[in-house]
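Below: the structure, in structure tokens.
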2 protein chains.
Amino acid sequence: MQASRPTIADVARAAGVSKGLVSFALNDRPGVSPESRTRILAAAEELGWSPSVRARSLSSDVSFAVGLVIARDPEIIADDSFFPSFISGVERVLAPRGQSLVLSVVGDERLEEATYRRLAAERRVDGVILTDLRAADSRVSLLREIGLRAISLGRTDVDASAIPAVTLDDAPAIHDAVRHLVSLGHTRIAHVAGPDRLLHAARRKASFLQALASSNLSAPDVVETDFSAADGARATAELLDRAERPTAIVYANDAMAIAGIGVARRAGLDVPRDVSIVGFDDSAIGRYIEPALTTVATDARGWGFTAADALLRLVGGDEVGDIELAPAELVVRDSTATAPTETNTDRRQR
Amino acid sequence: MQASRPTIADVARAAGVSKGLVSFALNDRPGVSPESRTRILAAAEELGWSPSVRARSLSSDVSFAVGLVIARDPEIIADDSFFPSFISGVERVLAPRGQSLVLSVVGDERLEEATYRRLAAERRVDGVILTDLRAADSRVSLLREIGLRAISLGRTDVDASAIPAVTLDDAPAIHDAVRHLVSLGHTRIAHVAGPDRLLHAARRKASFLQALASSNLSAPDVVETDFSAADGARATAELLDRAERPTAIVYANDAMAIAGIGVARRAGLDVPRDVSIVGFDDSAIGRYIEPALTTVATDARGWGFTAADALLRLVGGDEVGDIELAPAELVVRDSTATAPTETNTDRRQR
DNA sequence: GCTTGTCTCTAAACCGGTTTAGACCGTCCG
DNA sequence: CGGACGGTCTAAACCGGTTTAGAGACAAGC
């Protein structure tokens, strides 16, 4: 028969105390006698009362929500299995703590700043998780300006102490990948990289180049892409067209690697006999394609979990330092094999 | 020097009017003289004021946010390109209207009800978009009980008038797919379906069976899966193992179809020579694998756009009826070809 | 016995908007 | 000329919580 949900005043009345005391009891603050506390909790329980976030937010200046702004073309997000896994990790810590995730997909970096400003001006969220860090990322100073707390995925290069980072080291796995290829006799190893302005893409590329150098291989072929399957296909075609065709290609994500296998095959090449392919992400599909994709596994879910937990601690007032996750790991499957011999590098049938 | 953001009181003071008039002016309500209006807007502009959603929500009982609860295993979401595209469509209407998207990924249907209840009890959102409708979906009555407005993706089977639906007809495309296969001489066509309790999966299956029947093909093989690439692989292995091996398989999503190609290939079969494969989704990767995937294209982005727009109209108080989108379309590429002849059905090399 | 201190609790202010009741003014109309 | 009316505006109540100032009861300390 009641028209609307119960308010704290209803609970107070039912328990025979004041609103303020109900508030104290429900926030586990001292100054409430054990008897009153149980009486209040019982009344709240019976009325099915849960505090309105709106009212709570207004008076306590806390949103009980965190933000995630993804500035990528939707198609590229769809190709990439990182975000779904990452978000599910984030949710695993948010949900039990009564926090919400406010997601923005902006598709265009020019709308990004406006989105962060809106989130802050409207006080929608208490903090944000920064992904896809860029070189000299303008978001670092923007966030300081608008007063939004943040955790970043990977360390920023502009002011590393400004925003606590949750980092995951790709380098060992990429070195392992190159070593793996070298041990299979490959000497012409190419890299299909992500956008150079993305720090993680640049870092993977740098690791790749370093790994090549430490194996005394030179003149590496690197092609930059936007991370989309389409661009991965284009890059592969370009590499396979070169006079000195690479015999192995290391990709910056699985979607491009899978597209790359398709392109190679269409060019009449067999994978892995003629070209070895290494992906990055360890997406589910990579396990089931033929040949199964050799790739680098990163724990996207764990990354989300850890970042969200750190962010909640940060907005809760704790000191939060950088956190280093377990490094990525190479997963060897069937898309990498012995390098073709010199006379063998041209088109051959299975 | 000001510590915190300006409030409506600051704007009122600057414009020399009362708080109430500022509120009227900013919500385009009558009873404000043109001069006052411009003076108020100028003051707001100069102070850089934007209303706090928190305060607005509390007094006007509107959240300015909509919810999306996804109850799927994170791995399955990652395999599927539907949600990222869908969400980007949703954002395209939300962002310009100052609305936010509250996303919940629950991974387990048992947590789903609690999530909706929380969203409603805390009044986090004004409405939700219902995806992955199930047979006799308990969410329909749940939403009525907790008083949350909703738009559903596809029509519910429990009380079709309760929740406006945005529908997209798969049937013609699936009929086209079967006709396409039949015209290529296939007679043993199997289907790798999604979970039967999901209405859209069941509907696709029903369309498939109907299409077979109208082509006078019988004893169809249908295997149910959970939509994951892993389960698609298992289903494919099972189908290819049967005495009467199908010569064509229609999948309920691209991820499974791509996994299926891998399984077939591993079994020594060539696609499309020995088995034809049809996917569903038209994901980007499908275009670049070899053979390029014949699939069914649905406009996930447009679906998100339309659903979000309808939901905002609904929470805004408009009457909203069901909306029918353009039907899905078959995209023929290279994973379908002439059926193998009888003597041809066993393993052969390329 | 009186002060001091500690616990428990209430009343009221406050967060930043929206909304309602009503004041004030000028105009139109009978 | 007086009353009704429309337009513009203000003051104050309200949304549902949190937080502060302080009241009242009781025990301990001098």
Side-chain angles (χ1 to χ4, degrees), chain A residues 2-41 43-44 47-65 98 120-124 126 316-317, chain B residues 2-41 43-44 47-65 98 120-124 126 316-317:
Chain A
Q2 84 210 24
S4 55
R5 1 200 110 270
T7 75
I8 197 171
D10 298 322
V11 177
R13 203 172 313 119
V17 296
S18 69
K19 282 176 25 171
L21 202 64
V22 176
S23 177
F24 284 163
L26 270 114
N27 291 307
D28 283 325
R29 314 224 329 205
V32 183
S33 71
E35 305 83 58
S36 301
R37 186 180 303 275
T38 49
R39 195 148 34 86
I40 291 169
L41 293 178
L47 292 173
W49 175 75
S50 66
S52 136
V53 230
R54 292 171 179 171
R56 229 136 94 81
S57 292
L58 181 58
S59 55
S60 62
D61 200 34
V62 177
S63 297
F64 306 100
E122 297 183 340
R123 329 219 82 180
R124 284 267 191 190
D126 300 319
Chain B
Q2 84 209 22
S4 55
R5 2 198 110 271
T7 74
I8 197 171
D10 298 322
V11 177
R13 203 173 312 120
V17 297
S18 69
K19 283 177 21 172
L21 202 63
V22 175
S23 177
F24 284 163
L26 270 114
N27 292 308
D28 282 325
R29 313 219 336 198
V32 183
S33 72
E35 304 82 60
S36 301
R37 187 181 301 275
T38 47
R39 195 148 33 86
I40 290 170
L41 294 178
L47 292 173
W49 175 76
S50 67
S52 136
V53 230
R54 291 170 181 171
R56 230 138 94 80
S57 293
L58 181 59
S59 54
S60 62
D61 200 33
V62 177
S63 297
F64 307 99
E122 297 183 342
R123 330 219 80 181
R124 284 266 191 190
D126 300 319

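The sequence lines fix the lettering, A, B, ..., with proteins before strands; numbering per chain opens at 1.
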Quiz item: If the sugar-phosphate is the primed atoms plus P, OP1 and OP2 and the base is the rest, what is the B/S/- string for nucleotides 20-28 of chain D, using protein heavy atoms under 4.0 Å?
Solution: B--------
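In this structure, A/Leu21 places its CG atom 8 Å from C1' of C/dT8, rounding to the nearest Å. Following rounding to the nearest Å, A/Arg5 (CZ) and D/dC15 (C1') show an atom-to-atom distance of 15 Å. One atom, CD1 of A/Ile8, and another, C1' of C/dA11, lie 14 Å apart when rounded to the nearest Å. Whole-Å rounding puts the A/Leu26 CG to D/dG16 P distance at 17 Å. Taking atom CZ of A/Phe64 as the reference point, atom C1' of D/dG17 lies 10 Å away to the nearest angstrom. Between the CG atom of A/Asp10 and the C1' atom of D/dG17 there is a distance of 13 Å, rounded to whole Å. With rounding to whole Å, A/Ile40 atom CD1 is found 10 Å from C/dC9 atom C1'.
The base of D/dG17 lies close enough to the side chain of A/Lys19 for a donor and an acceptor atom to sit less than 3.5 Å apart.
For A/Ser18, whose side chain is taken as the heavy atoms from C-beta onward, the closest listed nucleotide among C/dT10, D/dT10, C/dA13 is C/dT10. Checking C/dT10, C/dC9, D/dA13 against every side-chain atom of A/Ser36, the shortest atom distance belongs to C/dC9.
When the nearest nucleotides of DNA chain D are assigned to A/Ser52 and B/Arg39 by heavy-atom distance, the more 5′-ward of the two goes with B/Arg39.
In this structure B/Thr38 satisfies the side chain to side chain contact (heavy atoms under 4.5 Å, CB included) test with no other residue, sequence neighbours excluded. Checked against side chain to side chain contact (heavy atoms under 4.5 Å, CB included), A/Ser52 has the following partners two or more places apart in sequence or in another chain: A/Arg54, A/Ala55.
Formation of a donor-acceptor pair under 3.5 Å by the B/Ser36 side chain with backbone atoms of B/Val32 is not found in this model.
Backbone-only contact: B/Ser33 has heavy atoms under 4.0 Å from sugar-phosphate atoms and none from a base. Within the 4.0 angstrom heavy-atom criterion, only backbone atoms of the sugar-phosphate kind lie near A/Val17; the bases stay farther away. Backbone-only engagement by A/Val32 is indicated by non-hydrogen atom pairs under 4.0 Å involving sugar-phosphate atoms exclusively.
Residue B/Phe64 comes nearest to B/Val53 through the heavy atom pair CD1-CG1, 3.6 Å, listed as atom of the first residue, atom of the second, then distance. Across B/Arg29 and B/Arg37, no two heavy atoms sit closer than the pair O-NH2, 3.3 Å. Closest of all the heavy-atom pairs between B/Ser63 and B/Arg123 is OG-O, 2.7 Å. For A/Arg124 against B/Ala65, the heavy-atom pair with the smallest separation is NH1-CB, 3.7 Å.
Across residues 53-61 of chain B, B/Leu58, B/Ser59 each have a non-hydrogen atom less than 4.0 Å from an atom of DNA chain D (numbered order).
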Sequence neighbours excluded and cut-off under 3.5 Å, please list the side-chain donor-acceptor pairs for residues 9-26 of chain B, or say none.
unit_1: B/Asp10; atom_1: OD1; unit_2: B/Arg13; atom_2: NH1; d: 3.3
unit_1: B/Asp10; atom_1: OD2; unit_2: B/Thr7; atom_2: N; d: 2.8
unit_1: B/Ser18; atom_1: OG; unit_2: B/Leu21; atom_2: N; d: 3.4

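Residue A/Arg39 holds its CZ atom at 11.0 Å from CG of A/Leu41, rounded to the nearest 0.5 Å. Put simply, CD1 on B/Ile40 and CD on B/Glu35 are 11.0 Å apart, with the number rounded to the nearest 0.5 Å.
Using a 4.0 Å cut-off, no side-chain N or O of A/Trp49 falls inside it from OP1 or OP2 of D/dG16.
Over its length, the helix from C/dG1-D/dC30 to C/dG30-D/dC1 turns its helix axis by 60°, as judged from the five terminal pairs at each end, rounded to 10°.
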